[in-house]
Colleague: 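Sending over a structure as structure tokens; questions will come in a sec.
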There are 2 protein chains.
Amino acid sequence: MAQSDTVDRILDAAEELFAERGFSETSLRMITSKAKVNLAAVNYHFGSKNALIHAVFARFLSPFSATLETAFDNLEERCNGQPPTLYQTLWALTESAVRMPQRNDRGISIFMRLLGLAYTQSQGHLRKFLEQEYSQPFGRFMRLLKEATPELSSVDRYWRIQFMLGATAFTMSSSDALRDILQNKTGIETSVQEIAARLVPFLAAGMQAPDKLLMPPPESKVSVA
Amino acid sequence: MAQSDTVDRILDAAEELFAERGFSETSLRMITSKAKVNLAAVNYHFGSKNALIHAVFARFLSPFSATLETAFDNLEERCNGQPPTLYQTLWALTESAVRMPQRNDRGISIFMRLLGLAYTQSQGHLRKFLEQEYSQPFGRFMRLLKEATPELSSVDRYWRIQFMLGATAFTMSSSDALRDILQNKTGIETSVQEIAARLVPFLAAGMQAPDKLLMPPPESKVSVA
DNA sequence: CTCCGCTTCAAACGTATGTTTCAAACAGAC
DNA sequence: GTCTGTTTGAAACATACGTTTGAAGCGGAG
């Protein structure tokens, strides 16, 4: 073969194993044996394990980043200068993720799980890589969020964005496991699209919740029987 | 010293390092050197690294579990047979966590971060350990949630609980970093209690959001100017 | 065919890990 | 003081890791 497919086989195997087990817990030997390539191939083609991790992310994040930009473009165009609503912004993001061309049916799950891991596993090199490669669409998303929630103080918005990120990253990072649990308990099959469709209203409602309270909730007074 | 403090020193160091770096990324040598004890002490006192991980969790989870049970007892007693509201249930949980006697001021953050890691890092042995040791308070919390949201289908409730867990675990697990970022940007100091006070309304609102939608949001139609 | 750059391969390297070993140090009971 | 069971200590163990090496294999150009 003139153009070797070794690189893609490695990326496929790595992507799947990383998503299943995390980065530190996945060895190059697992990857190369799953990909049926020689151990040295990883260092030959990518340079190091960390560079392989970056490549795995770049392969799906770069097209996603582009898709997201055009989705935001379309959204803002449709709004004729008015800021898009929170719902619309969240939905644009979700659709961009869900509509991405997938290599296989689990593609979206793996995609999400990896994003969750990226946030969760404290791999300094990864965070640095993602920040400097994909800061633009992220910044734009933040700006849209700000315009969509002008009623929030910037501190409230800051924290609620963290809550949204958490709910999303966490759920997505274990979406396979959670789906399986539900499947075993109730027999119900759930697609990633459905999870997303349930997540968006949850996030939007949380984001627009009434003010924070600093004291115990009103109902918690001891009632005199 | 009759009762050696080696065990506690190991637990303290392990707790902190695990919270900072994750389990796989923390070696016994890091732990023992931080704790200023001999390397072999871990295996002598705990048996294995995995057993040490369990011990770290048990040390804060067991008292928390007890505190939580009495908090739920008090709550249910105050309600005279009526099911506690969602707000009250969430608040009981939050207060139990926040009011736990802490070894130091970072105690609560570490506590939360470890819980997040336990969910996220796919350490099979840990999940098994937590499930069989702390299924009771967890199950009770689930039952209270169910009674507080009778309007939700069990599938909706299942997913929304996952979203809540995610927002909580994620935020709390990086609360130190998030607090610092906010501090640097705005000069505002934030306590864990305040974060909790912002989180609870977010969660409650999300939990009680209107039905999931299966289509794009209503506002996303192209408006005819 | 010969050559050359690129790719694969088996093997080894150095390092770090969790765990084990066994002697030394220690504390409390007698 | 002496004995005994427990705890510490330095060192080694076996294993797994990421990475490097150098030779073998290969395809197209001259």
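Naming: A, B, ... by sequence-line order, numbering from 1 per chain.
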Colleague: Rounding to a whole Å, what distance do you find between A:F46:CZ and D:dG18:C1'?
Modeller: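 Rounded to the whole Å, the gap is 15 Å.
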
Colleague: Looking only at side-chain atoms of A:N38, point me to the closest of C:dC9, C:dG18, C:dT19.
Modeller: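 Between C:dC9, C:dG18, C:dT19, the one nearest the side chain of A:N38 would be C:dC9.
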
Colleague: Report the relative orientation of the aromatic rings in B:F111 and B:F60; use parallel for angles under 30°, tilted for 30 to 60°, perpendicular for over 60°.
Modeller: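 Aromatic pair B:F111/B:F60 classed tilted.
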
Colleague: What is the separation between atom CG on A:D5 and atom C1' on C:dT8, rounded to the nearest whole Å?
Modeller: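 Whole-Å distance recorded here is 13 Å.
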
Colleague: With heavy atoms under 4.0 Å as the rule, sort B:T32 into base, sugar-phosphate or nothing.
Modeller: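 No contact.
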
Colleague: Is there a side-chain polar atom (N or O) of A:T6 under 4.0 Å from OP1 or OP2 of C:dT7?
Modeller: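 No, no such contact exists.
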
Colleague: Starting at OH of A:Y44 and ending at P of D:dA23, how long is that distance when rounded to a whole Å?
Modeller: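 For the pair A:Y44 OH and D:dA23 P, the rounded distance is 17 Å.
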
Colleague: Going by the angle between their ring planes, with limits at 30° and 60°, are B:H54 and B:H125 parallel, tilted or perpendicular?
Modeller: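 Tilted, since the angle between the ring planes falls between 30° and 60°.
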
Colleague: If you find the nucleotide of DNA chain D closest to A:G47 and the one closest to A:M30, which residue's nucleotide is nearer the 5' end?
Modeller: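 Its nearest nucleotide being more 5', the pick is A:M30.
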
Colleague: Among the candidates D:dT8, D:dT19, C:dT21, find the nucleotide nearest to the side-chain atoms of B:A40.
Modeller: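 Per side-chain heavy atoms of B:A40, the pick is C:dT21.
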
Colleague: Where the side chain of B:K49 is defined as all heavy atoms beyond and including C-beta, which of C:dT7, C:dT19, D:dT7 is the nearest nucleotide?
Modeller: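 In terms of side-chain proximity for B:K49, the closest of C:dT7, C:dT19, D:dT7 is C:dT19.
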
Colleague: Taking only the side-chain heavy atoms of A:N43 (C-beta and beyond), determine which of D:dT20, C:dT19, D:dC17 contains the nearest atom.
Modeller: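 Among D:dT20, C:dT19, D:dC17, the one nearest the side chain of A:N43 is D:dT20.
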
Colleague: Looking only at side-chain atoms of A:S27, point me to the closest of D:dC17, C:dT7, C:dT20.
Modeller: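 The listed nucleotide nearest to A:S27's side chain is D:dC17.
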
Colleague: Tell me the interatomic distance from A:R29, atom CZ, to D:dC17, atom P, rounded to whole angstroms.
Modeller: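 A:R29 atom CZ is separated from D:dC17 atom P by 6 Å.
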
Colleague: Over how many whole Å does the gap from B:L28 atom CG to D:dA12 atom P extend?
Modeller: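 To the nearest whole Å, that distance equals 20 Å.
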
Colleague: In whole Å, I'd like the distance from the CG atom of A:N50 to the C1' atom of D:dC17.
Modeller: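 It is 13 Å, rounded to the nearest whole Å.
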
Colleague: What about B:F170 and A:F170, are their ring centers closer than 6.0 Å?
Modeller: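 No.
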
Colleague: For B:L52 and C:dT17, give me the distance from atom CG to atom P, rounded to whole Å.
Modeller: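 Those two atoms, CG and P, are 15 Å apart.
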
Colleague: D:dT6 phosphate, OP1 or OP2: any side-chain N/O from B:H45 under 4.0 angstrom?
Modeller: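 Looking at the OP1 and OP2 atoms of D:dT6, neither is under 4.0 Å from any side-chain N or O of B:H45.
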
Colleague: Between B:R59 and B:E15, is the salt bridge (charged side-chain N to carboxylate O under 4.0 Å, His left out) condition met? List the steps.
Modeller: CA-CA 10 Å; B:R59 186 168 64 151; B:E15 181 178 273; 3.4 Å; yes

Colleague: What is the separation between atom CD1 on A:I31 and atom P on D:dC17, rounded to the nearest whole Å?
Modeller: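 Roughly 11 Å, once rounded to whole Å.
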
Colleague: Within this structure, what is the OG1-NZ distance for the pair B:T26 and B:K49, rounded to the nearest 0.5 Å?
Modeller: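 One gets 6.5 Å once the value is rounded to the nearest 0.5 Å.
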
